[in-house]
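Throughout, numbering of the chain's residues begins at 1 and tracks the sequence. Atom set for the values below is all heavy atoms of this structure, side chains included, hydrogens, waters and symmetry mates excluded.
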Amino acid sequence: MPHRSRLSILLLDLPPEHHAAGTAFWAGATGRTADADPTDEKWASLGSFADGWHVEVQRTGEGTPPRWHVDIETDDIPAEVARLEALGATRHRDMGSFWQLLDPAGLVFCVVGVQTGEEFDRHAVSWP
């Protein structure tokens with residue numbers, strides 16, 4: 001059964017002690033306003049860039065080092081996880097509604113459901 005996916009979101013994972021300064025820095029660096037999520041204090045969005053590429057700032061828990069990670073959004077999470085495993089990814093954590101995986105070098109990334117609506121429809125790749 002075919003499914004679609006796309007690399008869609010760059011997340012800046014910042015622990016509490018770096019979150020405010022990091023959010024302000026990246027807002028200034030991109031010339032964007034960091035719009036806080038009114039329903040979740042851990043999130044702020046710098047919005048959509050070229051081809052619907054989103055940049056988000058996420059406050060992580062204590063002990064998580066600052067890092068960047070990407071989200072791959074898909075209309076079929078199990079099929080996309082299986083496709084990526086065949087390419088060399090490994091499952092790291094089942095997060096309930098999405099998967100955290102590691103690429104062959106050990107970099108963290110997530111496979112999530114569709115997050116960007118029309119941008120997903122415009123830019124997603126179809127897989128057999």
Side-chain angles (χ1 to χ4, degrees):
M1 181 92 176
H3 75 281
R4 298 177 301 153
S5 68
R6 78 181 195 113
L7 190 63
S8 62
I9 302 169
L10 172 66
L11 290 108
L12 310 174
D13 295 337
L14 303 174
E17 65 272 18
H18 298 291
H19 189 261
T23 299
F25 173 83
W26 286 106
T30 60
R32 301 292 183 100
T33 300
D35 295 323
D37 183 328
T39 64
D40 189 340
E41 65 188 22
K42 294 180 180 179
W43 291 94
S45 177
L46 297 173
S48 179
F49 292 77
D51 291 333
W53 179 259
H54 286 248
V55 177
E56 309 287 328
V57 182
Q58 172 179 240
R59 182 175 32 228
T60 59
E62 295 288 337
T64 301
R67 65 182 181 200
W68 305 49
H69 85 265
V70 295
D71 279 359
I72 295 175
E73 66 179 338
T74 181
D75 56 9
D76 187 336
I77 291 172
E80 184 65 3
V81 168
R83 185 183 79 80
L84 295 167
E85 285 178 313
L87 294 171
T90 56
R91 293 177 195 226
H92 185 57
R93 286 193 184 109
D94 180 349
M95 305 301 284
S97 62
F98 65 95
W99 272 95
Q100 190 178 77
L101 286 85
L102 301 174
D103 79 354
L107 297 173
V108 171
F109 68 99
C110 295
V111 177
V112 301
V114 175
Q115 311 260 322
T116 64
E118 290 179 9
E119 291 166 342
F120 177 81
D121 290 332
R122 276 197 306 275
H123 303 292
V125 175
S126 292
W127 305 102

What is the distance from atom OG1 of Thr23 to atom CD of Glu56, rounded to the nearest 0.5 Å? 11.0 Å
What is the distance from atom NE2 of His3 to atom CD1 of Ile77, rounded to the nearest 0.5 Å? 10.5 Å
Could you please spell out the steps behind the side-chain contact (heavy atoms from CB on, under 4.5 Å) verdict for Ile9 and Glu73? CA-CA 8 Å; Ile9 302 169; Glu73 66 179 338; 5.5 Å; no
Is Glu80 close to Trp127 at the side-chain level, that is, under 4.5 Å between some pair of heavy atoms? yes
When rounded to the nearest 0.5 Å, the distance separating CZ of Arg122 from CG of Asp51 is 9.0 Å
Using the rule given for side-chain contact (heavy atoms from CB on, under 4.5 Å), can you reason through Arg6 versus Thr116, listing the C-alpha separation, both sets of side-chain angles and the distance that settles it, and then say yes or no? CA-CA 10 Å; Arg6 78 181 195 113; Thr116 64; 3.1 Å; yes
Please test Gln115 against Phe120 for side-chain contact (heavy atoms from CB on, under 4.5 Å), starting from the C-alpha separation and ending with a verdict. CA-CA 8 Å; Gln115 311 260 322; Phe120 177 81; over 6 Å; no
Is the shortest heavy-atom distance from the side chain of Leu84 to the side chain of Phe109 under 4.5 Å? yes
Run the numbers on Asp121 and Arg4 for salt bridge (Lys or Arg N to Asp or Glu O under 4.0 Å), then give the verdict. CA-CA 9 Å; Asp121 290 332; Arg4 298 177 301 153; 3.4 Å; yes
hydrophobic_cluster_shared for Phe25 and Val57, side chain cutoff 4.5 Å: yes
I'd like to check the side-chain contact (heavy atoms from CB on, under 4.5 Å) partners of Arg91; sequence neighbours left out, ordered by chain and number. Val81, Glu85, Trp99
Could you tell me whether the side chains of Ser48 and Glu119 share a donor-acceptor contact shorter than 3.5 Å? yes
Inspect the surroundings of CD in Glu17 and state if more than 12 heavy atoms from other residues, nucleotides or ligands are less than 6.0 Å away. yes
Any side-chain heavy atom of Ile72 within less than 4.5 Å of one from Phe98? no
What residues form a side-chain contact (heavy atoms from CB on, under 4.5 Å) with Thr33, not counting sequence neighbours? Asp35
Going from CG on Asp40 to CZ on Arg59, what distance comes out if it is rounded to the nearest 0.5 angstrom? 8.5 Å
What class does the angle between the rings of Trp68 and Trp26 fall in, given that below 30° is parallel, 30 to 60° is tilted and above 60° is perpendicular? perpendicular
Contact check, side chains of Pro66 and Pro15, non-hydrogen atoms, under 4.5 Å: yes
Let me check something: do Leu101 and Leu107 share a hydrophobic cluster, defined by ILVMFWY side-chain heavy atoms less than 4.5 Å apart, either directly or through other members? no
Short side-chain to backbone donor-acceptor contact, Arg93 and Gln100, under 3.5 Å: no
Val55 with Leu14, same ILVMFWY side-chain cluster at under 4.5 Å: yes
Atom OG1 of Thr60 and atom NE2 of His18: how far apart are they, to the nearest 0.5 Å? 9.0 Å
For residues Gln58 and His69, report the shortest heavy-atom separation together with the two atoms involved. NE2-CE1, 3.8 Å
Going hydrophobic residue to hydrophobic residue with side-chain gaps under 4.5 angstrom, can you get from Leu87 over to Leu102? no
With distance as the sole criterion, is a donor-acceptor pair present between the side chains of Thr74 and Arg83 under 3.5 Å? no
Run the side-chain contact (heavy atoms from CB on, under 4.5 Å) check on Leu10 and Phe49 step by step: do they pass? CA-CA 11 Å; Leu10 172 66; Phe49 292 77; over 6 Å; no
Under a single-linkage definition using a 4.5 Å side-chain heavy-atom cutoff for Ile, Leu, Val, Met, Phe, Trp and Tyr, are Leu12 and Val70 assigned to the same hydrophobic cluster? yes
So how far is it from His54 NE2 to Leu11 CG, rounded to the nearest 0.5 Å? 11.0 Å
